[in-house]
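Before any comments, here is the structure.
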Amino acid sequence: MKLLLVHADYMEYEAKKATKIAEDVDEGRKSMRVEEPLVAFVAVEKGDDEKVAEKAVSEIRAVAKKVGAERVVLYPYAHLSSNLSSPELAIRLLKMMEEKLSDLEVYRAPFGWYKAFKISCKGHPLSELSRELRSQQVEELDEKELTQALRDEEKAKSYWYILHDGKLVSVEEFDFSNYPKLKKFADYEISKRRAVDRVPPHVELMKRLQIADYEEASDSGHMRYYPKGRLVKSLLEEFVTRKCVEYGAMEVETPIMYSRDHPTLRRYLERFPARQYIIKGDKREFFLRFAACFGQFLMCSDAVITYRNLPLKIYELTRYSFRKEQRGELVGLRRLRAFTMPDMHTIVKDMEQAKKEFMNQYRLSVETLRAIGLTPEDYEVAIRVTKDFYEENKEFLKEISEILKKPILIEMWDRRFFYFVLKFEFNFVDALDKASALSTVQIDVENAERYDISYVGKDGEKKRPYILHCSASGAIERCIYALLEKAYMNAERGKPPMLPVWLSPVQVRVIPISENFLDTALEVAEKLNKRLIRADVDDRDETLNKKVRDASTEWIPYVAVIGKKEVEEGKLTVTIRAESELEKQKRVKMSVEELIDRIKKECEGMPFKPLPLPVKLSERPSFR
RNA sequence: GCCGCCGUGGCUUAGCUGGUAGAGCGGGUGAUUCGUAAUCACCAGGUCGCGGGUUCAAAUCCCGCCGGCGGCUCCA
């Protein structure tokens with residue numbers, strides 16, 4: 001409940017027009033003039049109850065006494081709050097307040113009317129006071145929900161710079177004319193400016209391409225993935241996992257839910273500004289993990305680690321991580337409540353080793369994204385750092401900035417309020433100029449202590465390590481989002497949209513010119529599939545034109561037409577999407593072997609999974 | 001979470017100053033067997049997001065809820 005108390009020479013009001021929620025009032029109460037009142041403007045809020053009303057009454061009584069007012073005007077004033085209760089409750093509480101104050105002279109202005117009023121405020125020091133009253137329940141709830149980190153963040157002050165060619169300039173002074181995307185990103189980060197009111201293109205695409213879709217039967221932000229989507233996701237998952245394992249990480253698996261009462265976890269939760277899903281068990285309450293930190297840190301806490309083992313890397317692909325993001329923030333594959341994130345933690349013995357690993361993992365992230373199909377032109381780099389760390393490590397940050405030779409957005413904090421001192425992110429800027437983080441690495445200086453993680457040094461003494469958090473690609477779903485948005489932006493420039501060949505659910509579509517060539521087409525497809533290339537056959541009774549069109553709208557990279565000419569020549573006529581324009585297709589004659597070689601070369605080193613659907617289109621369901 | 005806009009067959013949508021739903025795609029059947037971006041015909045398919053209310057009558061008006069999008073907020 002919000003109260004605004006005004007001690008006045010007089011107050012007069014007149015009810016003009018009833019709203020839908022207006023209470024019935026006698027003619028006599030519709031207008032009023034009261035001399036020397038204490039006017040209490042009141043807004044009843046959600047969660048308010050009788051106790052709150054009582055508190056309000058004693059508050060009003062106290063102030064009335066203090067200023068020597070004998071008359072009180074209770075004036076419903078909705079504009080004090082953006083969290084109003086129902087009108088019914090408001091009227092009930094107002095009437096109750098009126099009654100409890102009846103030892104004074106009380107006037108209650110009618111609820112739910114447009115009213116004109118005049119007031120003459122006395123202007124002495126106590127003549128204007130405001131009060132905010134809340135039910136105990138609501139207070140406790142707020143206390144629970146607002147973690148320390150969320151509160152701290154509100155207080156944190158950021159300073160923004162651009163680091164370029166080893167020089168740090170403030171954002172205001174930086175000349176963005178050659179870096180329009182960085183400008184968009186900086187605007188997005190600093191001023192939070194948005195220029196759009198459209199459905200993001202990838203949402204339409206993920207549905208149309210039968211990759212993913214909303215699942216209304218679940219909570220918002222939990223998607224369903226169709227066979228093609230599952231394939232794409234699964235390939236990305238396998239690839240990023242492989243990258244991390246090759247980098248030297250040991251893959252582990254940890255639970256997805258943890259006790260809320262566990263003392264260590266509890267303190268960690270308080271440092272992490274995220275909202276959790278809470279699961280009620282028989283006796284205890286659990287929360288769903290929002291990253292793999294919990295399981296991995298607990299594992300490391302119990303492990304015996306010596307200096308010889310460092311840097312020690314462990315990795316898990318979280319399927320899933322859960323974050324109860326606010327409703328208004330959820331969009332397509334960009335921001336979810338359940339998502340898959342590669343999460344690698346590296347235990348290092350000191351800051352020197354931490355920096356070295358940070359640099360390595362920066363490079364690892366660049367490589368990982370590049371292989372996925374996202375080049376440095378597709379994202380912008382942000383570094384978040386405490387002022388102290390920056391001052392002591394200017395040279396190091398300069399080296400970092402030289403890896404990609406791109407200007408970097410720096411956010412500097414005058415004090416540390418997160419668990420890390422340094423962090424980078426690669427931020428994808430989408431078709432609507434919105435930015436979201438993909439890869440990220442952080443140097444954590446807090447959690448080794450909190451989780452009691454230690455290693456034995458050369459001298460036999462237990463020592464505290466630092467920990468790096470690394471997500472080499474960012475959330476897998478977000479990678480798909482970025483690829484779809486990128487394809488859309490390409491299409492706007494006249495380039496046929498497509499996924500990288502290794503991620504394309506169907507890599508080759510074989511189209512027989514008529515039923516007479518269906519068997520040959522099936523043979524070709526079989527040959528391709530045996531050589532680990534995803535090929536299917538459009539065996540539907542449709543015209544050639546129709547089949548070509550459909551193959552194109554599915555973004556299939558290679559479309560091979562087979563008819564009399566091809567059978568005679570022993571070659572396929574292949575339309576190569578990557579080399580085509582939207583207006584004119586690039587068509588090449590090649591043998592099956594040549595096609596295989598070409599695709600093999602393109603997909604070298606990348607994971608493969610077989611076609612997730614029947615080879616014949618006629619046998620394939622449509623999921624939408 | 002707050003505010004705004006939206007929600008019609010599997011998909012895209014017309015109808016919305018109230019008078020009990022119309023199309024295209026997709027699907028089925030038949031014809032057609034085709035040389036690079038939508039072959040033709042016929043048929044089936046709709047609790048108009050859900051729940052209340054107003055009305056003789058609601059897809060259409062009102063209220064609540066759910067879902068989507070956008071803004072605010074926030075972002076590991």
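Letters A, B, ... are given to chains in the order of the sequence lines, protein chains preceding strands, and every chain is numbered from 1.
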* Find out whether A:Tyr558 and A:Arg577 are in side-chain contact, i.e. whether some heavy atom of one side chain is under 4.5 Å from a heavy atom of the other. =>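 When only atoms from C-beta onward are counted, A:Arg577 and A:Tyr558 do not touch, as no gap falls below 4.5 Å.
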* Asked: Is the shortest heavy-atom distance from the side chain of A:Phe287 to the side chain of A:Ile278 under 4.5 Å?
  ->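 A:Phe287 reaches A:Ile278 side chain to side chain.
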* Pairing residues for A:Ala292 by the side chain to side chain contact (heavy atoms under 4.5 Å, CB included) criterion, not counting sequence neighbours ->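 By the side chain to side chain contact (heavy atoms under 4.5 Å, CB included) rule, A:Ala292 matches A:Gln296, A:Glu316, A:Thr318, A:Asp343.
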Considering every strand shown, what is the Watson-Crick or G-U wobble mate of [N] when both distances are under 3.5 Å?
N	answer
B:G4	B:C69
B:G46	none
B:G9	none

* Counting only distance, no hydrogens or angles, is the base of B:A76 paired donor-acceptor with the side chain of A:Thr440 under 3.5 Å? ->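 Checked by distance alone, the answer is no.
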* **Nearest-neighbour nucleotide for the A:Gln442 side chain, B:G70, B:A76, B:A37 considered** =>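 Among the listed nucleotides, the one closest to the side chain of A:Gln442 is B:A76.
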* Does a side-chain N or O from A:Lys324 land closer than 4.0 Å to OP1 or OP2 of B:C74, or not? ->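 Answer is no, no contact under 4.0 Å.
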Separation of [N] [atom2] from [X] [atom1] (nearest whole Å):
X	N	atom1	atom2	answer
A:Glu204	B:G70	CD	P	13 Å
A:Lys207	B:G10	NZ	P	15 Å
A:Arg549	B:C25	CZ	P	12 Å
A:Leu422	B:A76	CG	P	14 Å
A:Glu477	B:A76	CD	C1'	15 Å

Anything under 3.5 Å between a protein N or O and an N or O of nucleotides 26-35 of chain B, put it in a table, one pair a line.
residue: B:G26; atom: OP1; partner: A:Lys546; partner atom: NZ; Å: 2.6
residue: B:U32; atom: N3; partner: A:Asp541; partner atom: OD1; Å: 3.2
residue: B:U32; atom: N3; partner: A:Asp541; partner atom: OD2; Å: 2.8
residue: B:U32; atom: O4; partner: A:Asp541; partner atom: OD2; Å: 2.2
residue: B:U33; atom: O2; partner: A:Glu515; partner atom: N; Å: 3.0
residue: B:U33; atom: N3; partner: A:Glu515; partner atom: OE1; Å: 2.8
residue: B:U33; atom: O4; partner: A:Glu515; partner atom: OE1; Å: 2.8
residue: B:C34; atom: N4; partner: A:Asp541; partner atom: OD1; Å: 2.9
residue: B:C34; atom: N4; partner: A:Glu542; partner atom: O; Å: 3.3
residue: B:G35; atom: O6; partner: A:Lys564; partner atom: N; Å: 2.6
residue: B:G35; atom: O6; partner: A:Lys565; partner atom: N; Å: 3.0
residue: B:G35; atom: N1; partner: A:Glu566; partner atom: OE1; Å: 2.8
residue: B:G35; atom: N2; partner: A:Glu566; partner atom: OE1; Å: 3.0
residue: B:G35; atom: N2; partner: A:Glu566; partner atom: OE2; Å: 2.2

Could you work out the separation of [N] and [M] based on their [atom1] atoms and round it to a whole Å?
N	M	atom1	value
B:G19	B:A57	C1'	7 Å
B:G9	B:G35	P	38 Å
B:A59	B:G15	C1'	9 Å
B:G28	B:C69	C1'	35 Å
B:G53	B:G46	C1'	24 Å
B:C43	B:C6	C1'	34 Å
B:C42	B:C61	C1'	40 Å
B:C62	B:C25	C1'	36 Å

* CA sep, side-chain torsions, deciding dist, call: A:Glu542, A:Asp550, side chain to side chain contact (heavy atoms under 4.5 Å, CB included) -> CA-CA 11 Å; A:Glu542 296 287 355; A:Asp550 286 350; 5.9 Å; no
* For A:Tyr488 and A:Asp430, what are the C-alpha separation, side-chain angles and deciding distance, and is it a side chain to side chain donor-acceptor pair (under 3.5 Å)? -> CA-CA 9 Å; A:Tyr488 175 87; A:Asp430 69 17; over 6 Å; no
Atom pairs under 3.5 Å: protein N/O with N/O of nucleotides 64-67 of chain B:
residue: B:G67; atom: OP2; partner: A:Arg327; partner atom: NH1; Å: 3.0
residue: B:G67; atom: O2'; partner: A:Glu216; partner atom: OE2; Å: 3.4

For [X], answer base if it contacts any base atom (sugar-phosphate contacts may also be present), sugar-phosphate if it contacts only those atoms, and nothing otherwise; contact means non-hydrogen atoms under 4.0 Å.
X	result
A:Val331	sugar-phosphate
A:Leu330	sugar-phosphate
A:Arg208	nothing

* Asked: Closer to the 5' end of RNA chain B via nearest nucleotide, is it A:Ala435 or A:Gly332?
  ->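 Its nearest nucleotide being more 5', the pick is A:Gly332.
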* To do: On RNA chain B, check which nucleotide each of A:Arg335 and A:Gly221 is closest to and give me the residue with the more 5' one.
  =>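 Counting from the 5' end, the first nearest nucleotide belongs to A:Gly221.
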* For A:Arg384 and A:Glu425, what are the C-alpha separation, side-chain angles and deciding distance, and is it a salt bridge (charged side-chain N to carboxylate O under 4.0 Å, His left out)? -> CA-CA 8 Å; A:Arg384 328 257 174 186; A:Glu425 296 152 20; 2.8 Å; yes
* To do: Would you please say whether a donor-acceptor pair under 3.5 Å links the side chains of A:Tyr277 and A:Asp219?
  =>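 A:Tyr277 vs A:Asp219: donor-acceptor pair found between side chains.
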* N/O donor-acceptor pair under 3.5 Å between A:Ser365 side chain and A:Gln361 backbone ->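 At least one qualifying donor-acceptor pair exists.
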* Are any of the side-chain nitrogens in A:Glu569 or A:Lys565 under 4.0 Å away from the carboxylate oxygens of its partner? ->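 Salt bridge flag = no for A:Lys565 with A:Glu569.
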* Is A:Arg334 salt-bridged to A:Glu485, cutoff N-O under 4.0 Å? ->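 The answer is no: the pair does not qualify as a salt bridge.
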* Taking all heavy atoms of A:Met489 and all of A:Val429, pick out the closest pair and write down the distance. =>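 Looking at all heavy atoms of both residues, the closest pair is CE-O, 3.7 Å.
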